[in-house]
Participant: 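For reference, the structure I am asking about is given below.
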Amino acid sequence: MLSYSSYILTAVAALIVTCHALSKFPEISGLPDIPGKDVLKGLPHVPGLPGSLDTGCHNLLVNLEHRLFQLEAALALNGKIREVGEKVFATNGKKADFASALRSCEEAGGTLATPMNEEENKAIMDIVKQYKQYAYLGIKECETSGQFTYITGMPLSYTKWHQYEPNGKGKEKCVEMYKDGSWNDKKCNLYRLTICEF
Ligand code: MAN
Ligand code: CA
């Protein structure tokens with residue numbers, strides 16, 4: 001996943017550098033449109049940019065969009081990523097305790113998978129099932145209130161607790177996902193599949 005984010009970073013860096021360079025070489029070729037993916041069409045003229053540079057940057061953005069579409073399609077094809085709305089879920093296939101799993105996700109530019117609705121929960125469940133390993137979620141029990149919150153500290157807006165869970169009474173401060181997609185509060189020092197979201 002590190003390499004996937006680095007593709008995007010490289011693309012953005014290329015955009016910035018190339019848009020500057022375009023002031024000297026405004027002619028760049030365009031690639032064919034991707035049906036349904038050209039979200040950049042109809043973007044307004046950027047105030048302050050000369051017309052040729054504006055067109056050049058537009059073409060560049062369309063090309064970058066095309067490249068990202070190709071990467072996403074290729075990664076989704078063999079189950080390397082799962083896309084739900086704006087989110088991308090992926091695993092490195094490794095088991096780790098909660099803190100290490102979170103660190104791996106953050107180092108790759110994401111965070112631990114945090115289901116905010118049924119569709120996202122199902123996407124994470126698909127990975128749990130595929131790897132036959134439970135996974136920690138980006139949810140923790142609050143030190144003070146004993147309530148479960150997102151790791152950002154925000155209150156949960158969606159839950160999928162297994163029957164009779166959470167039952168740790170302050171002794172199980174992390175949350176794992178079972179293979180049926182339901183949640184169990186669990187100790188944080190076990191080895192669970194690392195699933196990140198980006
Ligand atoms: C174990 C632990 C608990 C869980 C119960 C359910 O004791 O995994 O977190 O609540 O099983 O029976
Ligand atoms: Ca429990």
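Atoms within a ligand are numbered from 1 in the order they appear, just like the ligands themselves.
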Participant: Report yes if Tyr178 has an N/O atom closer than 3.5 Å to an N/O atom of ligand 1; otherwise report no.
Facilitator: no

Participant: With Ile139, which of Thr159, Ile151, Leu156 fulfils side chain to side chain contact (heavy atoms under 4.5 Å, CB included)?
Facilitator: Leu156

Participant: Does either side chain, that of Ser157 or that of Tyr150, offer a donor lying less than 3.5 Å from an acceptor on the other one?
Facilitator: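 Present: a donor and an acceptor within the cut-off.
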
Participant: So, do Leu112 and Cys196 sit near enough that their side-chain heavy atoms are less than 4.5 Å apart?
Facilitator: no

Participant: Could Glu172 and Lys186 be called an ion pair, given the rule that one side-chain N must be under 4.0 Å from one carboxylate O?
Facilitator: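 No, no charged N to carboxylate O under 4.0 Å.
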
Participant: Regarding Glu118 and Tyr158, is there a side-chain donor-to-acceptor distance under 3.5 Å anywhere?
Facilitator: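 Side chains of Glu118 and Tyr158: pair found under 3.5 Å.
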
Participant: If the cut-off is 4.0 Å to any non-hydrogen atom of Asn167, which atoms of ligand 1 fall inside it?
Facilitator: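 Reading through ligand 1 atom by atom, the close ones are 10 (O).
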
Participant: Given OD1 of Asp185 on one side and OD1 of Asn184 on the other, what angle do they make at the Ca ion (ligand 2), to 10°?
Facilitator: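 Computed angle, vertex at the Ca ion (ligand 2), rounded to 10 degrees: 100°.
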
Participant: What atoms of ligand 1 come within less than 4.0 Å of a heavy atom belonging to Glu172?
Facilitator: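 In order of number, 2 (C), 3 (C), 9 (O).
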
Participant: Could you tell me, atom by atom, which parts of ligand 1 come under 4.0 Å of a heavy atom of Asp185?
Facilitator: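 Counting from 1, the qualifying ligand atoms are 9 (O).
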
Participant: By atom name, which N, O or S atom of Glu172 is the nearest to the Ca ion (ligand 2)?
Facilitator: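 This turns out to be OE1.
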
Participant: Is Lys186 close to ligand 1, meaning an N/O of one under 3.5 Å from an N/O of the other?
Facilitator: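 For ligand 1, there is an N or O atom that lies under 3.5 Å from one belonging to Lys186.
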
Participant: Check whether the side chains of Asp97 and Tyr191 place a donor and an acceptor atom closer than 3.5 Å, and report yes or no.
Facilitator: no

Participant: Is there a ring pair (Phe, Tyr, Trp, His ring centres under 6.0 Å) between Trp183 and Tyr134 once you walk through the steps?
Facilitator: CA-CA 10 Å; Trp183 307 354; Tyr134 299 168; over 10 Å; no

Participant: For atom 6 (C) of ligand 1, what is the nearest protein heavy atom, given as residue, atom name and distance?
Facilitator: Glu165 OE2, 3.5 Å

Participant: Would you name the N/O/S atom of Glu165 that lies closest to the Ca ion (ligand 2)?
Facilitator: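 The Glu165 atom nearest to the Ca ion (ligand 2), restricting to N, O or S, is OE1.
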
Participant: Please tell me if atom 10 (O) of ligand 1 is touched by the protein, where touching means a protein heavy-atom distance below 4.0 Å.
Facilitator: yes

